[in-house]
Amino acid sequence: MSYLPDVAFQVLQSVFVVLAAPLLLGWVNQCRAWLQNRSAPSILLPYWTLAKLFHKDAVIARDASPIFRLTPYILFGCMWLAAGIVPVLATGLPFAPAADIIALVGVFALARVFAALAAMDIGTSFGGIGARREMLIGFLAEPAMLMTLFTAAFLSGSTQLTTIVETLGHREFAIHPGLAFAAIAFLMVLLAENARIPIDNPSTHLELTMVHEAMILEYSARHLALIEWAVAIKLFAYMTIGIALFLPWGIAPAEDWSALPLALAALALKLALGGAGLALLETLLAKLRLFLAPEFLSTAFLLAVLGMLTHFLTRS
Amino acid sequence: MQAALSPLAGSLAAVLAWLLLGLAGLAGGGNGFIARRIAFPLSALAGLVLAACGLLAVWNPAQSITLPLGLPDLPFHLRLDPLAGFFLLLLGAVSAGISVYATGYFREEAAGRLGLIVFQYHVFLASMALVMLADDAYLFMVAWETMALSSYFLVITDHRLPSVRSAGFLYLLMAHLGAISILLSFGVMNGGEGDYSFAALRAADLSPGWASVAFVLAFLGFGAKAGMIPVHAWLPEAHPAAPSPVSALMSGIMIKTALYGMVRVIYDLIGGVQWQWGMLVLAVAAGTMLFGVLYALMQHDLKRLLAYHSVENIGIILLGLGLSLVFAGFGQAAAAALGLAAALYHTLNHAVFKGLLFLGAGSILHGSGLRNLNDMGGLARSMPKTAFYFLVGALAISALPPLNGFVSEWLTFQAALQAPLVRSDTVRSLLPLFAATLALAGALTAMCFVKVYGVAFLGRPREPHGHPAARAPRDAGAWEQYGMAWLAAGCLVLGLVPTAILLMLNRVCTSLTGQGLAAEALQDSGWLWLAPTAAEQASYSPLVFLAVIVAVTWLTFILVRRFYHGRVRHADPWDCGFPEQTPRMQDTADAFGQSIRHVFGPVYRMDRHLPGPEDATPAYRLKIEDRHWYWLYLPIARLADWISGRIALLQQGRIGVYLLYSFLTLIALLVFVR
């Protein structure tokens, strides 16, 4: 059965992503602390936080419906699935054809809808505000994200992430000016979708400015741990999607297991640089007012459209 | 014997059964038992028979029959081809669920009125089936008008309310404007030959100019029935006014007959598609989509909100149709088939999930007496079954995988991604922008249904102040649940086996245009993988998707339980330590729309009153109106008023003057006829 090593690799890669994701978050936090002249926490701190949360007893509001208790698992499952179809290390992923880039955006949307529903479940004022804001950012970010992905899809003639990586990374080394615009747009969407500065502040303590944090105020213990973990995987998945689209060099082609160590090293390097860059951005920028988010994200959308038009112009 | 088993005969039998059931309900008007317990379940059965016949017809060659009914020289021509079969499948399958639901819903209706409802309901169903079976313009228009009239009477079931009467009048007016436009389109296609059978219209050879005229007339006429902008104004008024099963029929099925008409006329009768038609359809589609969802976000009446979403979904369907027309105009048959398949797929999906959502809204109305979202809250606890089915519908309409709404939107995206095939640079760059509008509309829909579900079913019950109809909510009855369960299962099945549906639609496209999807697509698509163009270009497998997500979620659950614990304590909500929260502090439907009003302000005509700091009795008032009323409808109404005023001058009320008019007319005629 020639499928077997592929499936084994698929499972291994998914588990690897799930386990490695908090490390990336720890690295970003460490970099940010350095840049802000604080003494940095351990890079392993996210793991300790998760372990601590898992050990605690969950406290749930009396009014909670089943959706509230189910959502952390759904979020975690969605992010795990997303991590499974992104070619992080190699393109030989037998599950990848189950969902292309449009379905990938659909997975993120599914997670967002459930998070928002769970936020409204308890019936507190902050939960509703958080859900409303999250959906606002979501509907602004989704078209920009799709336009970015479409640019890559037009370049490679496919909406399969693995095929896109094969085309852009392995077959030709042409320079695509359209991708430059798309990359900036993608970066802006990444910041918005992952609740980072300038759209949201993951370490805020002010309830009135919260977006993502306001949605999960009612969660505790293992449920909170799963959500935090899912957030880490989402950041990891977005970073690796960005890498796959714009810096695909080093990702191992299908059936070439000897390239894996190199791919792992390349991934570590790219993520280390990307995480440091994210920390730098978060240090340099200030959080935008919520109603400037539409401007920010429509800029991203227009950049992505420009990228696509550039591609059409340079091709013809 | 052969004829008795044919799909056409079966469909006619179902139509006849519907008519007989309607008559039986009317005849037994005083007898509630017939209407409540017999008519609706049997009608559901007839619906299933019709669906089976439709499915058979898709896979069989077209059949036709001529019935010696109607006027002496104008017999009824009927024809059942794969396109009609597909729409009959939609009509039968969805109406079966709605009829089962209606069995429970109309249980408490007064017997006399119920007899009328049963009659109108079944005539409505039968006329929709005849619209799809008609093979000449004459029968088509007769069935079309019967459909409009029977649904008009259903809309004004609560005719004692002035708002319902005016909604009904608006509907009747728009339905007839649309019908005139369709009639004119048939006239143009016919070219003065006098034979109005579809075979003759098909054979007629139109110059490109006249074909475009026929197209625009048909597009406008059918669009008025479908609810596309700017001829949508009746839809958000009429659909919510009707009883909920009827709203479900109208939103789920009736507006789809307009889509059927469009596809039939454009592809089958006119033919020779020009790409400019597609661009027109795309522009209207994008506007309709965004308009529908943006106004839906502003609504707090649940049924009105759903009606605005019907407008939005018609936009999505038209988007697929428009893409198909553009590709067909540029001679890209496979891409055109993909666009058409996406449009038809979404037609079916929308019928299923919008039917389900309207039924859910009906159960809320029945169970709690509430229509206004701002009065609801926490219904998931008092009506858990309804809450579950409504959640399925809400996820499906929000185009979330692995349910059915996602598949058709995915196919529409794939069709838009075929843009590089188009030879014109401008058109090629525009097509992905329409896809972006679809992405925006899809995300806004998700926001809207988070609002609906969060405000109505989640959270805590709000005190419905001063609402006379409000009562302690109770869950839907058994029949209502069966109806919703049928449609919810439809959402799941249509989402999980897209390849089977796509093969069926491929057959419909092939029979219609002579060419179907790309050959690689059919080769690469197994039962598991959906690959509408070729496997290396795009693929999607909802079954694998669902299996992975369920497996991973379950595994996570098991692992957490295995390595840690499942201990739970129940407490009051935390809410950042604020102890005095009341249900009134929750987000309302209007509050949810606030950010949208901020971002898309110019789209709305807003009349907002904010209380000042010195107000002794502070009150917040917000009124959102449709801009179309002010730049389109009211000027036309004023013009019509003005013209009627001028014409009224002719009416002096004296018989001598009228006789003079007759005399002058006769003279004029004699001069002309001479």
Chemist: Does the side chain of B:V568 reach to within under 4.5 Å of the side chain of A:R222, using non-hydrogen atoms?
Modeler: yes
Chemist: Within the structure provided, determine whether B:R569 and A:I60 are in side-chain contact (heavy-atom separation under 4.5 Å).
Modeler: no
Chemist: A:T124 versus B:Q581: any side-chain heavy-atom pair under 4.5 Å?
Modeler: yes
Chemist: Is there side-chain contact between B:L440 and A:L140, with at least one heavy-atom pair below 4.5 Å?
Modeler: no
Chemist: Please state whether the side chain, the backbone, both or neither of B:V560 comes within less than 4.5 Å of a heavy atom of chain A.
Modeler: side chain
Chemist: Between B:F457, B:F563, B:F557, which shows the greatest number of heavy-atom pairs under 4.5 Å with chain A?
Modeler: B:F557
Chemist: Locate the shortest heavy-atom distance separating A:G138 from B:A443; write the atom from each residue and the value.
Modeler: O-CB, 4.5 Å
Chemist: Only pairs of heavy atoms separated by less than 4.5 Å count here; which of A:A61, A:S158, A:A98 has the most with chain B?
Modeler: A:A98
Chemist: What part of A:E218 gets closer than 4.5 Å to chain B, counting heavy atoms only: side chain, backbone, both or neither?
Modeler: side chain
Chemist: If you measure from OG on B:S541 to CZ on A:F95, what distance do you get to the nearest 0.5 Å?
Modeler: 10.0 Å
Chemist: What part of B:L543 gets within 4.5 angstrom of chain A, counting heavy atoms only: side chain, backbone, both, or neither?
Modeler: neither
Chemist: Give, as side chain, backbone, both or neither, the part of A:R62 having an atom under 4.5 angstrom from any heavy atom of chain B.
Modeler: both
Chemist: For the atom pair CG (A:L217) and CH2 (B:W574), what is the distance rounded to the nearest 0.5 Å?
Modeler: 6.0 Å
Chemist: Report the distance from atom OG of B:S429 to atom NE2 of A:H311, rounding to the nearest 0.5 Å.
Modeler: 10.0 Å
Chemist: Starting at CE of A:M308, measure out to CG of B:L433 and round the result to the nearest 0.5 Å.
Modeler: 5.0 Å
Chemist: Top residue by heavy-atom pair count (under 4.5 Å) with chain A, among B:A387, B:P583, B:G593, B:A591?
Modeler: B:A591
Chemist: What distance do A:H55 atom NE2 and B:Y564 atom OH have between them, rounded to the nearest 0.5 Å?
Modeler: 5.0 Å
Chemist: Tell me, out of B:A446, B:P432, B:P402, who's got the most heavy-atom pairs with chain A below 4.5 Å.
Modeler: B:P432
Chemist: Heavy-atom distance under 4.5 Å to chain A: side chain of B:R460, backbone, both or neither?
Modeler: both
Chemist: Under 4.5 Å, counting heavy-atom pairs only, tell me which of B:D575, B:D572, B:T553, B:V548 racks up the most with chain A.
Modeler: B:D575
Chemist: Among B:I596, B:V544, B:T556, single out the residue with the greatest number of heavy-atom pairs under 4.5 Å to chain A.
Modeler: B:T556
Chemist: Quick one: of B:K451, B:R381, B:M585, who has the most non-hydrogen atom pairs under 4.5 Å with chain A?
Modeler: B:R381
Chemist: Is A:S125 close to chain B through its backbone or its side chain, or both, or neither, when contacts mean heavy atoms under 4.5 Å?
Modeler: both
Chemist: Is chain B contacted by the side chain of A:F291, its backbone, both, or neither, given a heavy-atom distance below 4.5 Å?
Modeler: side chain
Chemist: Where do A:F150 and B:F413 land on the ring pair (Phe, Tyr, Trp, His ring centres under 6.0 Å) test, with the steps shown first?
Modeler: CA-CA 10 Å; A:F150 281 177; B:F413 279 127; 5.7 Å; yes
Chemist: Using heavy-atom distances under 4.5 Å, tell me whether B:L438 contacts chain A through its side chain, its backbone, both, or neither.
Modeler: neither
Chemist: Let me know if B:V455 has heavy atoms under 4.5 Å from chain A in its side chain, its backbone, both or neither.
Modeler: both
Chemist: Counting only heavy atoms closer than 4.5 Å, note whether A:V107 contacts chain B via side chain, backbone, both or neither.
Modeler: both
Chemist: Which atoms of B:F600 come close to chain A, meaning under 4.5 Å heavy atom to heavy atom: side chain ones, backbone ones, both, or neither?
Modeler: side chain
Chemist: Looking at every heavy atom in both B:P573 and A:I122, which two are closest together, and how far apart are they?
Modeler: CB-CG2, 3.5 Å
Chemist: At a 4.5 Å cut-off on heavy atoms, which part of A:L309 comes close to chain B: side chain, backbone, both, or neither?
Modeler: side chain
Chemist: So for B:F406, is it side chain, backbone, both, or neither that comes closer than 4.5 Å to the heavy atoms of chain A?
Modeler: side chain
Chemist: Go through A:L290, A:V18, A:D57, A:L81 and name the one with the most non-hydrogen pairs under 4.5 angstrom from chain B.
Modeler: A:D57
Chemist: Under 4.5 Å from any heavy atom of chain A, what part of B:V599 do you find: side chain, backbone, both or neither?
Modeler: side chain
Chemist: Please flag which part of A:V305 lies under 4.5 Å from any non-hydrogen atom of chain B: side chain, backbone, both or neither.
Modeler: side chain
Chemist: Which atoms form the tightest heavy-atom contact between B:P420 and A:F154, and what is the distance?
Modeler: CD-CE2, 3.3 Å
Chemist: Quick check for you: among A:F301, A:W80, A:F114, which has the greatest number of heavy-atom pairs under 4.5 Å with chain B?
Modeler: A:W80
Chemist: Please state whether the side chain, the backbone, both or neither of A:R69 comes within less than 4.5 Å of a heavy atom of chain B.
Modeler: side chain
Chemist: Would you give the length of the straight line joining atom CD1 of B:I549 to atom CZ of A:F76, rounded to the nearest 0.5 angstrom?
Modeler: 12.5 Å
